[in-house]
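Owing to the predicted nature of the structure, the values given are computational and were not obtained by experimental measurement.
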Amino acid sequence: MTSALEEHAERFTLLRPLLFTIAYEILGSATESDDVLQDSYLRWAAVDLSTVHETKSYLAQLVTRQALNALRAGSRRREEYVGPWLPEPLLLDDQDPSADVVLAESVSMAMLVLLESLSPDERAVFVLREVFGFDYAEIADAVGKPAPTVRQIAHRAREHVRARRKRFSDVDPHRNAEITAQFLATAASGDVEALMAMLAPDATWMADSGGKVSAARRPVVGAERVARAIAGLMRKAGPQLHVEMVTCNSAPAVLLYLGENLEGVITLEIADDKITNFYVMRNPDKLAALATARAISRG
């Protein structure tokens with residue numbers, strides 16, 4: 001006979017990839033999402049299961065409330081952050097990004113950066129409605145607002161995202177991997193013209209260092225400027241630099257090592273076979289999240 005404690009653990013574990021994904025899309029931080037899930041589980045373990053009619057909805061609401069609390073608590077830290085703030089990179093397990101295009105877009109760096117421009121309530125409502133398909137009554141319980149208000153928030157958030165979202169990157173993992181490998185070879189050659197040919201005209205290089213290591217404090221914009229910056233960085237790093245291709249945030253990414261030390265990760269955004277954005281994580285505190293590959297899910 002299954003004990004209540006085992007039943008709690010089994011239900012939570014089954015939904016953990018979904019719950020982690022909800023928290024991560026609200027927070028943009030894998031580390032904080034882990035903390036939210038841990039706190040949520042402690043609360044869940046004290047719940048009388050006979051009062052729970054729908055486990056998925058109940059746990060999604062619980063995790064959303066805890067994630068919103070964490071997001072509001074961390075807002076001042078983000079306001080005082082040195083240089084650009086980027087979401088914590090998410091190293092994925094062997095999931096194919098093309099298998100669920102909605103999920104892939106929702107955890108992309110471009111989308112997570114865009115979601116930073118929403119209020120906490122708008123962000124939570126948008127994620128729960130547009131990505132995970134919860135109904136307005138469920139979302140109302142999660143954010144503590146009446147369903148009609150939630151509808152208005154959802155509409156406002158949806159219009160905000162739609163107005164600012166560029167076309168989503170091509171979800172062709174094999175082609176994107178080819179382009180990434182070609183980019184690495186071209187960057188190693190130091191050929192600025194060849195690099196420029198791989199970039200969209202308005203390509204952008206955005207680096208997050210948190211002021212803890214060297215990195216550009218402002219985004220570098222334009223194919224020529226980005227290509228020259230990359231060529232300069234490769235020259236500076238020299239032969240001791242080695243790289244590893246991985247998948248972060250459902251997109252091709254490159255881990256940068258100097259010797260045994262992980263110095264950064266670059267996530268590439270690709271559209272129409274051109275690289276449109278480089279999201280560069282140099283903050284050592286955020287690089288720690290790359291130690292563990294994650295499973296994400298919408299169901």
Side-chain angles (χ1 to χ4, degrees), residues 28 81-90 105 108-114 116-117 164-173 175-258 262-283 286-287 290:
Y81 200 77
V82 177
W85 186 96
L86 286 175
E88 214 171 66
L90 192 66
E105 180 178 14
S108 70
M109 278 288 173
M111 178 59 77
L112 292 169
V113 169
L114 198 165
E116 284 293 309
S117 63
R164 289 160 179 78
R165 179 169 56 187
K166 296 180 181 178
R167 191 177 69 80
F168 181 50
S169 305
D170 303 317
V171 185
D172 181 346
R175 178 59 182 149
N176 288 348
E178 289 175 0
I179 292 170
T180 303
Q182 183 188 348
F183 159 73
L184 289 173
T186 306
S189 75
D191 187 333
V192 173
E193 293 292 330
L195 271 174
M196 285 177 60
M198 297 194 67
L199 308 182
D202 59 348
T204 301
W205 173 281
M206 185 182 294
D208 178 336
S209 69
K212 299 186 177 187
V213 292
S214 62
R217 293 287 177 90
R218 290 195 176 95
V220 179
V221 182
E224 182 176 359
R225 292 184 65 203
V226 171
R228 292 192 182 283
I230 292 170
L233 287 171
M234 296 297 286
R235 279 196 305 273
K236 185 177 179 181
Q240 66 268 39
L241 177 72
H242 67 275
V243 301
E244 177 186 346
M245 284 178 55
V246 294
T247 298
C248 282
N249 298 83
S250 293
V254 180
L255 302 181
L256 306 173
Y257 291 90
L258 286 177
L262 177 62
E263 294 290 327
V265 58
I266 304 174
T267 304
L268 282 68
E269 189 175 4
I270 299 168
D272 297 326
D273 284 354
K274 298 288 186 181
I275 302 171
T276 59
N277 285 280
F278 297 90
Y279 300 102
V280 187
M281 182 53 64
R282 293 272 290 127
N283 186 335
K286 294 186 180 182
L287 290 176
L290 294 168

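To the nearest 0.5 Å, atom OG1 of residue T180 and atom CD1 of residue I266 are 10.5 Å apart. To the nearest 0.5 Å, the span separating CD on E224 from CG on L195 amounts to 11.5 Å. For the atom pair CH2 of W85 and OG of S209, the computed distance is 14.0 Å after rounding to the nearest 0.5 Å. Rounding to the nearest 0.5 Å places CZ of R235 at 14.0 Å from CG of L241. L258 contributes atom CG, which lies 5.5 Å from atom CD of Q240 (distance to the nearest 0.5 angstrom). Between atom CG of residue L290 and atom CD of residue E244 there is a gap of 10.0 Å, rounded to the nearest 0.5 Å.
For the residue pair P87 and V113, the shortest heavy atom distance occurs at CD-CG2, 3.9 Å. Counting all heavy atoms, side chain and backbone alike, A194 lies closest to T186 at CB-CG2, 3.6 Å. Considering every non-hydrogen atom in both A223 and L199, the closest pair reads O-CD1, 3.5 Å. Looking at every heavy atom in both residues, M281 comes nearest to P89 through CG-CD, 3.8 Å.
Proximity of F278 to T204: side-chain heavy atoms (C-beta onward) are nowhere separated by under 4.5 Å. Using a 4.5 Å cut-off on side-chain heavy atoms (C-beta onward), D273 and R175 make contact. Annotation: side chain of V221 is not in contact with side chain of V226 (no heavy-atom distance under 4.5 Å). Looking only at side-chain heavy atoms (C-beta outward), V254 and V265 stay at 4.5 Å or farther from each other. Between R165 and E105 the shortest side-chain heavy-atom distance falls below 4.5 Å. A heavy-atom distance below 4.5 Å is found between the side chains of L86 and M206. Annotation: side chain of M245 is in contact with side chain of L184 (closest heavy-atom distance under 4.5 Å). In this structure, the side chains of P252 and N176 come closer than 4.5 Å at one or more pairs of heavy atoms.
The closest donor-acceptor contact from the side chain of T276 to the backbone of E269 lies under 3.5 Å. Not one N or O on the side chain of T247 forms a donor-acceptor pair closer than 3.5 Å with the backbone of S250. Distance alone, capped at 3.5 Å, is enough to place a donor-acceptor pair between the D191 side chain and the E193 backbone. Although no hydrogens or angles enter the test, the distance criterion places a donor-acceptor pair under 3.5 Å between the side chain of R282 and the main chain of E263.
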> What's the verdict on side-chain contact (heavy atoms from CB on, under 4.5 Å) for L90 and C248, showing C-alpha distance, side-chain angles and the deciding distance?
Replying inline: CA-CA 5 Å; L90 192 66; C248 282; 5.9 Å; no
> Hey, mind stepping through L112 and N249 against side-chain contact (heavy atoms from CB on, under 4.5 Å) and telling me if it holds?
Replying inline: CA-CA 10 Å; L112 292 169; N249 298 83; 3.6 Å; yes
>> For a side-chain contact (heavy atoms from CB on, under 4.5 Å) check, start with the C-alpha distance between I275 and W205, then their side-chain angles and the critical distance, and finish with the verdict.
In response: CA-CA 10 Å; I275 302 171; W205 173 281; over 6 Å; no
> Yes or no on side-chain contact (heavy atoms from CB on, under 4.5 Å) for N277 and L268, after CA distance, side-chain angles and deciding distance?
Replying inline: CA-CA 6 Å; N277 285 280; L268 282 68; over 6 Å; no
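Electrostatic pairing of K286 and D208 counts as a salt bridge here, judged by a charged N lying under 4.0 Å from a carboxylate O.
Using a 30° and 60° split on the angle between ring planes, Y257 and H242 fall in the parallel class, below 30°.
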